Number of protein chains: 2
Amino acid sequence: MEQLIIKNAKLNGATTDILIENGRFKTFAPHITPSQEQCELFDACGMTIVPPFFNAHTHAAMTLFRGFADDIELFDWLNNYIWPAEAKLTPYDVYCGSKLAILEMIKSGTVFFNDMYWFQEETIRAAEEMGVRAAVGLLFLEDENGNIAERNVRGNQKLLEMKKQQLFSDRITLTLAPHAVYTVSERNLRRVEELAEELKLPVHIHLAETAREVQECRKEHSGLSPVEYLASLGLLNRNLIAAHSVHLSNYDIEMLADAQAVLVHMPCSNMKLNSGAFRFADAFKAGCRIALGTDGCASNNNLSMFDEMKFAALAAKREDNSPTAAPADYVFNIATTGGAEAFGIDSGEISPGKLADAVLINTDSSYLTGGEFIPGMVYSADSSVVDSVICNGRIIMKHRVVPGEKQIIEEGRKCAAKLRAK
Amino acid sequence: MEQLIIKNAKLNGATTDILIENGRFKTFAPHITPSQEQCELFDACGMTIVPPFFNAHTHAAMTLFRGFADDIELFDWLNNYIWPAEAKLTPYDVYCGSKLAILEMIKSGTVFFNDMYWFQEETIRAAEEMGVRAAVGLLFLEDENGNIAERNVRGNQKLLEMKKQQLFSDRITLTLAPHAVYTVSERNLRRVEELAEELKLPVHIHLAETAREVQECRKEHSGLSPVEYLASLGLLNRNLIAAHSVHLSNYDIEMLADAQAVLVHMPCSNMKLNSGAFRFADAFKAGCRIALGTDGCASNNNLSMFDEMKFAALAAKREDNSPTAAPADYVFNIATTGGAEAFGIDSGEISPGKLADAVLINTDSSYLTGGEFIPGMVYSADSSVVDSVICNGRIIMKHRVVPGEKQIIEEGRKCAAKLRAK
């Protein structure tokens, strides 16, 4: 039996010991002593234990493209920088880029990411090695003949085979990831819908990210918005993860709320690429399920949920013209507890029985002095307050040290340099 | 003679040693050996040396009010939270709050702040002790009879006396700080103008922060905007530091550009209080001098220029409807070199003869892997990449340790708790 005892942690203002057994929180009491010899102890004196972050939309390996092409127009960015560089990616690049991404996520308190990219088995390998959780998408992107690209088909089959043979742990789950309504045809989206039924998997898609996407969708699909179009295909439901969801009509918002689909808000990426502004206050008022994501590092340019929370909270105030929009406790919740809920992970709360995922915050940081209210971190903190991170009952960062980080950075740097070379 | 040699630092891509003598950069060469026995050595292997941040508008002691009243309307915030709490402030609170603020600034790579608050001698004491630079304002705020409040008058006289007697180092400078056009009458603003002439001091004022301020100014002053009104009083010139400058007409922007006044942009505070959006792209195109500031911790809620840079760069893209607005190198420049220039500090560049202010960045951080372009930090980094900070030739933070930080946090916490108590 694996045991970990966290000593002297602050939880909701009180000091407590916490016993973690076989990956789950078991007992919370003032003094817990080990009941077996094999028991790891962690002294959390001076630290507050909080739920970790769940990053609801990433392209992890794109960490290699950080700063590759900033401050330029979207289509210039895609056509002349990102796509040509991506064409050169090898499985090893994706492995190294994913490890670099996961290192960055752990350092900033994130234990889960929902990914959409190629060479997914490499991302799974990286997540397994580093001890985090990931949802990895079976990618659907079409070739010029309107068929799912051959390498996607092979990659997806491989993932399903790996799942069948239980070649990865239960920290890893799969999604179906059609890229977007403008890159996957109706025929293939219908196939995705059937597969989702058959395999009982969530569907993860970029949705209504740009005004152009909405315009073209309405033109091609009898006036339907991307949300309405997905609804017509039977894809609008609780298992839909709609990344971006920027350009929404009132009716779209109503439908998304009714369906209880997950809207993934990514304020940094939307602002950096000037995609438009998510209607945060409206989606919130309508009762939509909202999660937070960072997107990839080429359009953010980091994976820190601290940045994402602050941008979400402040941008909503600007867009809604009200300083009361997107209050800190709500934003903190959707980045943590709500994120876990959105992906059906039995975690996101520091309480008995839950999967033992947690962040130990060093409250002896100036950023947390004054504001004793934990969600106040939304406005004041950055990744420097994260002391240690626990995922599935294991300490994956201890006092800011992640095993192997020097090598991860060196390898990431090499891959990034190679991809940049003309 | 005080000597410090920085060994093996990366500067613009090359590795160099740097000799600092009597507070200024002297020699840059591959191998420098000490020429005297008393010489401090600092090994910067694996680090890049960059100019530090200059925070162009703060109320440092308000760090004590961090998280005191978030997510509420501006006038509720001022009337029911901030002003009643400020009425209880003692000089010791301002001392402790300033030290906490300076600790936070050093930890995030800032060596200078331009402050406006009470009990200024306590802020000066804090800045002197911690080794940073500060511009401290002689405050002008009126009592109910339209006279400068008695405690301001006394405080201001004391500051001038301290300056005359050289009771503070040349790291500290003074400004004249009339609070705003709506809190200081025409008569007293004219007095400020005379004093600015006489004492050769810059004038630091909150300007055009809210739509209401502009409306009321136009009503009271024959249709003049706040910028036009200051111009009519002879206050619009190169020595004007205009904090916020949010609600500007095209004509205002033209006048500010012609006068070469300094516009202090504070995106976080403006968004959090929903004051409105600074016209970044327009001010930039008009050739305005722009600096970056954090404002106080009650409306941000931190003093990290990393947050401020990212918000400035991304918000400008949203407001200007273009992903090319506010490119990283420009934003990095106004937070560093441009900030020093705005305050007439002979610093902000890592080159021979300049005052030796610098930040040593740990480039072995995931945040900086991939993007090797230093201004790329604007999008990707946070305070965790700051390893060490040098101000005026002295190391004020070494490997993330600031002398006395534990006590500063403890005292700050006590003061904050006291001020919050009903």
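Chain identifiers are assigned alphabetically (A, B, ...) following the order of the sequence lines, protein sequences preceding nucleic acid strands; residue numbering begins at 1 within each chain. Keep in mind the model is a prediction, meaning the values are calculated, not measured.
Looking only at distances, a side-chain donor or acceptor of B/R66 sits under 3.5 Å from a matching main-chain atom of A/S366.
Taking 4.5 Å as the limit, some side-chain heavy atom of B/C268 sits within range of a side-chain heavy atom of A/L314. Side-chain contact between B/R318 and A/M271 is present, with heavy atoms from C-beta onward closer than 4.5 Å.
Interface remark: A/A315 contributes backbone and side-chain atoms alike to the contact with chain B (heavy atom separation under 4.5 Å). With a 4.5 angstrom heavy-atom cutoff, A/D307 touches chain B only via side-chain atoms. Contact of B/K310 with chain A is made through backbone and side chain together, with heavy-atom distances under 4.5 Å. The parts of A/A277 that come within reach of chain B are both its backbone and its side chain, each placing non-hydrogen atoms under 4.5 angstrom from that chain. Neither the backbone nor the side chain of A/K107 comes within contact range of chain B; no heavy atom of the residue lies under 4.5 Å from a heavy atom of that chain. Only the side chain of A/E319 comes within less than 4.5 Å of a heavy atom in chain B; its backbone stays farther off. Contacts of A/I409 with chain B are made by both backbone and side-chain atoms, with heavy-atom separations under 4.5 Å. Proximity to chain B involves both the backbone and the side chain of A/D364, based on heavy atoms less than 4.5 angstrom apart.
Most heavy-atom pairs under 4.5 Å with chain A: of the set B/V378, B/D70, B/L103, B/V385, this distinction falls to B/D70. Between chain B and the residues A/A325, A/S384, A/A417, the largest count of heavy-atom pairs under 4.5 Å involves A/S384. Interface summary for chain A: among B/S383, B/P375, B/G412, B/S108, the most heavy-atom pairs under 4.5 angstrom belong to B/S383. Annotation: maximal heavy-atom pairing with chain A below 4.5 Å, among B/P327, B/G376, B/A381, occurs at B/P327.
Screening B/D320, B/T324, B/N321 for a side chain to side chain donor-acceptor pair (under 3.5 Å) with A/N274, the sole residue that qualifies is B/N321. Among A/L303, A/N301, A/N302, the single residue meeting the side-chain contact (heavy atoms from CB on, under 4.5 Å) criterion with B/Y367 is A/N302.
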Take A/Y379 and B/D71, measure what side chain to side chain contact (heavy atoms under 4.5 Å, CB included) needs, and give me the verdict at the end.
CA-CA 11 Å; A/Y379 299 120; B/D71 305 317; 2.3 Å; yes
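Of all non-hydrogen atoms in B/P323 and A/K272, the two that sit nearest each other are CB-O, 3.6 Å.
Here B/E405 contributes atom CD and A/S365 contributes atom OG; the two are 9.0 Å apart, rounded to the nearest 0.5 Å.
More than 12 heavy atoms of other residues, nucleotides or ligands sit less than 6.0 Å from atom CD of A/E410.
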